[in-house]
Amino acid sequence: MADPSRSLAQFSFPRAAQPDIVRSAQKDEFYRKHINDQTFDAVNKIFGPRVAMRLQRELELCADLAYFGLTTGFGAQTLGEEYCDIVQTRAARLPSWKARVLLLVLQVLAPYAAERAFMKGAAAARNPPAYLKNNRVLTPERLRQLRKAAPRLREGLGVVNRLHLAVFYFVGTFYDFPKRRL
């Protein structure tokens, strides 16, 4: 079977316009939310509302993994990209499977892991576990500093994301931060 990235190299594709990229992201968000809602409803009906509410973030992670895994992960267009007739390319080539897996990790797993780390760190700073109480590195003063810095760091990540979107609206190349990194 021929490698699709090789046959793509013979064509010259125009860059996608900003409105197409934004519309594609909006469509993807619509379908991701729909899958997330359906997953939540299924778990709610099967296991009850307590379990569904407790696992809400993990269900969202599973829905995102399913959506992007079955589209980007397999080298296909997302539904938003298909709707807007755009294709992810890098130097007139389709992304390799390694790049697609890295994109999946950065786009879905990294935000989840960062959120969990913030939650665990904030909980540990408020009520340190026993193994941290006698720690020479994390003194009570450093724990206080950590408590003060955690919200600022979380807020700083939001600012970085908003700056990234501002750069997109000026330059018009990458709407999603993980796609900029690939």
Side-chain angles (χ1 to χ4, degrees), residues 16 18-37 39-40 43-44 49-69 71-73 78 80-81 88 90 95 98-182:
Q18 283 177 329
D20 290 334
I21 295 171
V22 171
R23 185 68 180 141
S24 171
Q26 290 171 339
K27 277 290 192 181
D28 286 337
E29 186 63 31
F30 171 79
Y31 287 115
R32 285 173 54 202
K33 179 152 179 30
H34 180 71
I35 292 170
N36 184 32
D37 291 345
T39 305
F40 183 83
V43 170
N44 189 20
R50 284 187 184 174
V51 173
M53 288 303 291
R54 190 175 64 233
L55 297 176
Q56 187 171 10
R57 185 63 180 113
E58 285 73 17
L59 292 173
E60 185 179 331
L61 174 70
C62 290
D64 288 351
L65 281 173
Y67 181 73
F68 286 113
T71 56
T72 303
T78 64
E81 291 168 349
Q88 290 183 37
R90 189 63 134 181
K98 291 178 184 177
R100 292 191 311 263
V101 168
L102 183 60
L103 178 63
L104 189 64
V105 167
L106 290 175
Q107 196 165 11
V108 178
L109 295 176
Y112 174 78
E115 182 179 322
R116 295 291 294 191
F118 275 122
M119 289 171 43
K120 294 272 186 189
R126 279 192 308 273
N127 189 13
Y131 65 88
L132 286 180
K133 289 182 180 175
N134 298 326
N135 193 322
R136 292 183 185 138
V137 176
L138 284 175
T139 62
E141 177 60 32
R142 288 195 179 141
L143 282 173
R144 278 192 292 278
Q145 291 172 347
L146 180 63
R147 275 193 295 267
K148 288 181 182 178
R152 290 185 196 136
L153 184 58
R154 191 173 200 166
E155 196 175 289
L157 289 175
V159 169
V160 168
N161 191 33
R162 288 190 295 274
L163 284 173
H164 165 75
L165 281 178
V167 169
F168 164 75
Y169 284 116
F170 285 121
V171 179
T173 307
F174 301 105
Y175 186 79
D176 294 319
F177 193 74
K179 290 179 183 174
R180 182 176 297 278
R181 300 297 349 135
L182 295 181

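Values below: every heavy atom of this structure, side chains too, minus hydrogens, waters and symmetry copies. Everything numeric here is computed off the predicted structure, so don't read it as measured data. For the single chain, residues carry numbers from 1 onward in sequence order.
The structure places NZ of K33 at 12.5 Å from CD1 of I35, a figure rounded to the nearest 0.5 Å. In this structure, Q56 CD and N44 CG are separated by 10.0 Å, a value rounded to the nearest 0.5 Å. How far CD of E81 is from OG1 of T72: 5.5 Å, rounded to the nearest 0.5 Å. From R50, atom CZ reaches atom CZ of R54 across 9.5 Å, with rounding to the nearest 0.5 Å.
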- Query: Please walk me through it: do R100 and L104 pass side chain to side chain contact (heavy atoms under 4.5 Å, CB included)?
  - Reply: CA-CA 6 Å; R100 292 191 311 263; L104 189 64; over 6 Å; no

- List the steps, then state whether side chain to side chain contact (heavy atoms under 4.5 Å, CB included) holds for F30 with Q26. CA-CA 6 Å; F30 171 79; Q26 290 171 339; over 6 Å; no

- Query: Step by step, would you call R32 with E29 a salt bridge (charged side-chain N to carboxylate O under 4.0 Å, His left out)?
  - Reply: CA-CA 5 Å; R32 285 173 54 202; E29 186 63 31; 3.1 Å; yes

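Listed by chain and residue number, L61, L65, V105 satisfy the side chain to side chain contact (heavy atoms under 4.5 Å, CB included) test with L109 (two or more places apart in sequence, or in another chain).
Judged by distance alone, with hydrogens and angles left aside, the side-chain atoms of S24 form no donor-acceptor pair with the main-chain N or O of D20 at under 3.5 Å.
Y67 and D28 share a donor-acceptor pair across their side chains, judged by distance under 3.5 Å alone.
With respect to R57 and E60, a salt bridge is recorded, a charged nitrogen being found less than 4.0 Å from a carboxylate O.
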